[in-house]
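To keep things clear, I will list the structure first and then write my remarks on it.
Hydrogens, waters and symmetry mates are skipped; everything else that's a heavy atom, side chains included, is used.
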Amino acid sequence: MSNYLRRVLAIGLLSAVGVGSASAAGDSKIALVPGGPHPYFAAWEQAGKDAAKDFGLAAADYKVPQKWELSQQNQLLESLLTQGYNGFLIFPGDPVGSVSTVDELVSNGAPVVGGAGCFKDPSSASFCLGTDTGNSAYIGTKELLKTLTGTKKRIAHFTGFLVDPNTQLRIDAVKKAAEEEGATVVQVIADIDAPEPAEEKINAYLAAHANDVDGIITSAWVPAVVASNAVRKIGDKRIKMVAIDHDEVVLKAIKDGFVNGTMLQNPYGQGYIGTFVLDKLRSGCTVKTDAPFKKNALTDKFIDSGTAYVAADKVDTYVDAMRDTTKKLFETFQATYLTCK
Amino acid sequence: MSYPDLPAKGPSGDIVGKPRRNTAATRFYLTNEFGLIALIVLFALAFQFATDGFFSPFNLFSLGRIAAVNIMIGLAMMVVVITGGLNLAVGAIGVCAAMTCGYLIEVVGLPWPIAILSAVALGAMLGFINGWTSVRTGLHSFIITLATMSIFFGVMIFLTRAESYRALPPVFAAFGRMKLLGIFSPLLLVSLMAALFLGYLYNLTAVGREMLAAGAKPEAAEMSGINVGRIFIYCHMLSGALAACAALMLVARNGAAIPSMAGQLGQDWLLIAFLGPVLGGTLLTGGKASVLGTCLGAFLVTMLTSGLLLLQLGDFWIQSFLGLLLLAAVLMDKTRRTFLARRNMA
């Protein structure tokens, strides 16, 4: 997403809630910490900067562990607390193993919100703000199956890391949607949300079994990119595909007709709203006990940051879809989920 | 070691006691341990000067807690390195032991002390498999443990379905979060006890000296009546048990037994497992153990990582820096030994 579009998004959000709501604590120093390096989280960096500027925070910095290792993330979080960061938006390195660190951060006065992934209950995290990954995969699969006209409806599912708490939810959702439509999931390839394994496994699978597959659903960033390139290489557009996220490769493949559509997530909204909420929590707001949280397999305090299906007709205006989703959530967030004096 | 308080004589019969004392002092200054202590002091002062909060109670506590685990991991590797071998499966063994502990407590319902002992015993048993296979096949333990790393980890993932065990008694998490005097983690005491045990083993027991002798010159040790194969198996068992202890310490730190605690195949532990012993002066060719050096080496690495994070040096540079440190340590050790050999001080 270009800087211009991000600014437009941020200005739109601010105008939606009014400048008066930015009653920020000037000493709020928020850290946005993913589980490791991954393109999905790149939008968090700009979201943090925009939120810091819009709400007058001391800082809202994007800090990435060197690798996808729980110990590295824990060590980084402890270091950030020492450096004076006092609010954390975290994608858990492990939904269970990160809970102890979260408890320590909170006990030291730094509120924590789960971003894009949830901590397993019980934890001291205020709530989890992420994509309803199961719902996203379910909708994406339904959209894919609408495009399949034959009777067989054989689909392959390419997805992310098994240690990612969202992966199993996605696998289950795709299976459920397929069963409802009388389709068959002929192959699930997981643990490939990195370029090397994704290239190797997806290309090898399609080289051997392209004729046995009518559709492809992807539910992680890198597999979506690799599969988009693969169907472009195959070239006959027989295999239908629904991707995920908004990588340029995916968007171009949609425009060119090789991919039917993509399920957008809302990482920018997670980063922006997450930072806003953390500042509010530091300013004395509390999370409503009776807030209309959703439930998922990990937590009873889940908030859907939004998802939207974008096909070729809307691919040029996908930012509008993300902006609308974020704006809608932001407008009512404080009133719905927080109690502020 | 101190020299006898007798005046030495030079080739001409002159008393040359003073130079000898200088030699002893020089030898001390050239030890890895002294170098590491100096580096720890220097870096600590530098980080205190350059960062905010390096000596803050929370940072000291978290630094000590991470160092405790890293020291234990370093010791687990060191006890095999002294045989001239390697144990690439330290992480995999550790995770297997931790998951076993979680299973025994959460599923079987055993009391936690028995579960802990069982986990350590499993670590020793997996170490036995490494040692026995290595001795029986005559293959280098690098090959054997490379294979068993995948086998152990794969079996663990299959049996546990990659599910975590988090319904552990509160005493686990409480121990991991406990602060002594406000800044020390009790996990440091566990590592200290392990280090003292190893110091006692290598310096004051016959089997410890046999381990060093077998590692230095296996053929000579065999000819002098030592069962080298059996000794090597003991070393691998000890390594497995120490790896299990490290993993149990991580269980206390995380409050749960989780399959990803040491990364894919347990490989996350490998760099620190090598850095501690090598920085500490343990010879990769075997025959020499430096327990104190390993502890100091692991502590230095942990402190550097903490300091570099506080400096907000590009996060991705830290791993590169640690790799460079490993390389520099090996080269400096080689230079040191050459220096000592040239002056007949080795």
### Task
Start with the C-alpha gap between B:Arg166 and A:Val99, add the side-chain angles, then the distance that decides, and say whether side-chain contact (heavy atoms from CB on, under 4.5 Å) holds.
CA-CA 10 Å; B:Arg166 65 170 300 168; A:Val99 168; 3.9 Å; yes

List the atom pairs, donor and acceptor, that lie under 3.5 Å between side-chain atoms in residues 78-85 of chain A and the rest of the protein, sequence neighbours left out.
from	atom 1	to	atom 2	distance (Å)
A:Glu78	OE2	B:Arg65	NH2	2.7
A:Glu78	OE2	B:Arg253	NH2	2.6
A:Ser79	OG	A:Gln83	NE2	2.9
A:Thr82	OG1	A:Glu78	O	3.0
A:Gln83	OE1	B:Gln312	NE2	3.0
A:Gln83	NE2	B:Leu309	O	2.9
A:Tyr85	OH	A:Asp61	OD2	2.6

### Message
Are there over 12 heavy-atom neighbours, none belonging to A:Lys175, within less than 6.0 Å of that residue's NZ?
### Response
no

### Query
Side chains of A:Ser100 and B:Asn254: is there a donor and an acceptor less than 3.5 Å apart?
no

### Query
Are there more than 12 heavy atoms of other residues, nucleotides or ligands under 6.0 Å from atom CZ of B:Phe58?
yes

## Note on the structure
Answer key: most heavy-atom pairs under 4.5 Å with chain A among B:Ser164, B:Gly176, B:Pro259, B:Gly255 is B:Ser164

## Note on the structure
Output for pair (B:Ser260 OG, A:Leu70 CG), nearest 0.5 Å, gives 5.5 Å

#### Entry: Contact summary for B:Thr302 and A:Gln75, nearest pair of heavy atoms
O-NE2, 4.3 Å

#### Entry: Contacting region of B:Asp268 [heavy-atom separation from chain A under 4.5 Å]
both

### Message
Can you tell me if A:Asn108 has over 12 outside heavy atoms packed within less than 6.0 Å of its CG?
### Response
yes

### Query
Non-hydrogen atoms of chain B under 4.5 Å away: do they reach the side chain of A:Glu104, the backbone, both or neither?
side chain

### More than 12 heavy atoms from other groups under 6.0 Å of OH on B:Tyr103
no

#### Entry: Residue pair A:Asp103 / B:Arg177: nearest heavy atoms and the distance that separates them
OD2-NH2, 3.2 Å

#### Entry: Among B:Ala262, B:Ser62, B:Ala256, B:Ser306, residue most engaged with chain A (heavy-atom pairs, under 4.5 Å)
B:Ser62

### Task
Below 4.5 Å from any heavy atom of chain A, which atoms of B:Ile258 appear? Answer side chain, backbone, both or neither.
side chain

